Amino acid sequence: MTYHRRGDGPPVVLLHAGGLGVAMWDRQYDLLARDHTVIRYDARGHGESSPVTGPFAHHEDLRDLLDGLDLDRPTLVGLSMGARTAIDFAVTHPDRVAGLVLVGPGVSGMKFEDPFVLDQFARMRASTTVDEVAECVLRMWVDGPHRSPDEVDPEVREMCRVLTVHAVTSGVFTIMGDEVHAVDRLHELTAPTLVVVGDLDSSDIHVVADLVLGAAPRAGKVVVEGAAHLVNLDRPDEFDRALLRFLSASR
């Protein structure tokens, strides 16, 4: 597993969205390293990490990384699949998490019902090229249901396209890891939790955000206007303020 580590202080681990990689956290990695030990890594099958070749679980890969780095009770900051991994880890190893920042969160066991997302899933299944599959992923999770591609920062979209093409080629969207169906265990998220969601994200993600808020006993929520799924890339200033405020309060 390829990881980066920098800084000194309370540990924070950044978990990227599915199909992307560590580059999506460039800004926050530099920001947090000023007074935290910050780690970011490419999940299995993503970026420079090992390809998917057999059974695995993203949350147990995270456990192995923390064990190898001898990190105790970090705050986990996860976006989309990264939040999904963080939740699975937190309900499986609750004593090993100091806090959770769940951004545009997915959760294992969730159902997709947003018509726009379901349409893109159907288009993915009918696609015959890597580029066509990648474009469906971009439409769902970079543009979102309320924006056209030309309404997204072109540099952000191109970065995401390159990473997504690599992920599609690596098979990350066809081989799923083992999960714990945490959608029924959100009440077990006992660590301080911040849910961050863009107002332009899909209805499915807003449902998950509200489920966490209603079930986790120490959860709060921030809605970022003008952001879709990738909140930290769409509205970095607003996201950074919310993140730093949470980390400061947790300390």
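Since the structure is predicted, the reported quantities are computational estimates derived from the model, not experimental observations. This chain uses plain numbering: 1 for the first residue, then up along the sequence.
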Examine Val212 and Met81 and state if one hydrophobic cluster contains both, with Ile, Leu, Val, Met, Phe, Trp and Tyr joined whenever side-chain heavy atoms are less than 4.5 Å apart.
no
Does the Glu132 side chain pair with the main chain of Thr128, one donor and one acceptor, at a distance under 3.5 Å?
yes
Residues Asp64 and Arg44 bridged, charged N to O under 4.0 Å
no
Restricting to non-hydrogen atoms, name the atom on Cys136 and the atom on Ser127 that form the minimum distance, rounded to 0.1 Å.
SG-OG, 4.1 Å
Tell me, do Leu20 and Ser80 make a side-chain contact under 4.5 Å, heavy atoms counted?
no
Non-hydrogen side-chain atoms of Asp61 and Leu65 separated by less than 4.5 Å
no
Gap between atom CZ of Arg27 and atom CG of Leu32 - 0.5 Å precision
11.0 Å
Would a distance-only check, ignoring hydrogens and angles, find a side-chain to backbone donor-acceptor pair under 3.5 Å from His36 to Gly7?
no
Please assess Phe239 against Val224 for the test side-chain contact (heavy atoms from CB on, under 4.5 Å), listing each intermediate value before the final yes or no.
CA-CA 8 Å; Phe239 175 78; Val224 179; 5.7 Å; no
Are Leu243 and Leu213 connected, step by step, through hydrophobic side chains (Ile, Leu, Val, Met, Phe, Trp, Tyr) whose heavy atoms are closer than 4.5 Å?
no
Check whether any side-chain heavy atom of Phe89 lies under 4.5 Å from a side-chain heavy atom of Val97, and answer yes or no.
yes
Taking the inter-plane angle between the rings of Phe121 and Phe112 on a 0 to 90° scale, is it parallel (under 30°), tilted (30 to 60°) or perpendicular (over 60°)?
perpendicular
From CD1 (Ile205) to CG (Leu200), nearest 0.5 Å
13.5 Å
Side chains of Ser148 and Asp150 only: does a donor on one sit below 3.5 Å from an acceptor on the other?
yes
Non-hydrogen side-chain atoms of Leu62 and Tyr41 separated by less than 4.5 Å
yes
Tell me the closest heavy-atom pair linking Pro105 and Val195, and the distance in Å.
CG-CG1, 4.1 Å
Could you tell me whether Asp119 and Arg139 make a salt bridge, using a distance below 4.0 angstrom between a side-chain N and a carboxylate O?
no
Taking OH in Tyr3 as the centre, count heavy atoms belonging to other residues, nucleotides or ligands within less than 6.0 Å. Is the count above 12?
no
Exam field: side chain Ser108 to backbone Ala182, donor-acceptor pair closer than 3.5 Å
yes
What's the verdict on side-chain contact (heavy atoms from CB on, under 4.5 Å) for Phe246 and Thr75, showing C-alpha distance, side-chain angles and the deciding distance?
CA-CA 10 Å; Phe246 176 81; Thr75 295; 4.2 Å; yes
Are any side-chain N or O atoms of Asp35 and backbone N or O atoms of Gly9, one a donor and one an acceptor, separated by less than 3.5 Å?
no
With clusters defined by side-chain heavy atoms of hydrophobic residues (ILVMFWY) lying less than 4.5 Å apart, directly or transitively, does Val22 cluster with Val38?
no
Rounded to the nearest 0.5 Å, how far does CG of Asp204 lie from CE of Met140?
10.5 Å
Quick one: pull up CZ in Arg235 and CD in Glu225 and give me the separation to the nearest 0.5 Å.
9.5 Å
Looking only at non-hydrogen atoms, find the nearest pair between Ala167 and His46 and report the distance.
CB-CD2, 4.4 Å
Flag yes if Val222 and Leu244 sit in one hydrophobic cluster, no otherwise; membership is Ile, Leu, Val, Met, Phe, Trp, Tyr, and two members link when side-chain heavy atoms are under 4.5 Å apart.
yes
Carefully, step by step, assess Arg96 and Arg63 under the rule side-chain contact (heavy atoms from CB on, under 4.5 Å).
CA-CA 9 Å; Arg96 301 193 63 176; Arg63 179 204 61 194; 3.5 Å; yes
Verify, without hydrogens or angle tests, whether His166 (side chain) and Gly19 (backbone) share a donor-acceptor contact under 3.5 angstrom.
no
Please evaluate residues Val12 and Gln28 with respect to the criterion side-chain contact (heavy atoms from CB on, under 4.5 Å), reporting the C-alpha separation (whole Å), side-chain torsions for both, the decisive distance (0.1 Å), and the verdict.
CA-CA 11 Å; Val12 177; Gln28 289 74 35; over 6 Å; no
Would you say that Val13 contacts Leu66 through its side chain, given a criterion of any heavy-atom pair below 4.5 Å between the two side chains?
yes
Side chains of Val165 and Asp131, heavy atoms from C-beta outward: is any pair under 4.5 Å?
yes
Does the side chain of Ser202 reach to within under 4.5 Å of the side chain of Trp141, using non-hydrogen atoms?
yes
Would you say Asp30 has more than 12 foreign heavy atoms packed within less than 6.0 Å of its CG?
yes
By salt bridge (Lys or Arg N to Asp or Glu O under 4.0 Å), Arg157 pairs with (sequence neighbours left out) Glu135, Asp143
Asp42 side chain to Thr2 backbone, donor-acceptor under 3.5 Å
no
His58 side, atom NE2; Asp88 side, atom CG - distance, nearest 0.5 Å:
10.0 Å
Output for pair (Ile87 CD1, Leu102 CG), nearest 0.5 Å, gives 4.5 Å
Does the side chain of Lys221 come within less than 4.5 Å of Val223's, by heavy atoms?
yes
Show the nearest heavy-atom pair for residues Thr190 and Arg218, with the distance to one decimal.
O-CD, 3.0 Å
Closest non-hydrogen atom pair, Thr37 against Ile39
CG2-CD1, 3.8 Å
Considering all heavy atoms of both residues, which atom of Asp201 and which atom of Gly104 are nearest to each other, and what is their separation?
OD2-CA, 4.0 Å
Is Leu138 linked to Val162 within one hydrophobic cluster, defined over Ile, Leu, Val, Met, Phe, Trp and Tyr using a side-chain heavy-atom separation of less than 4.5 Å?
no
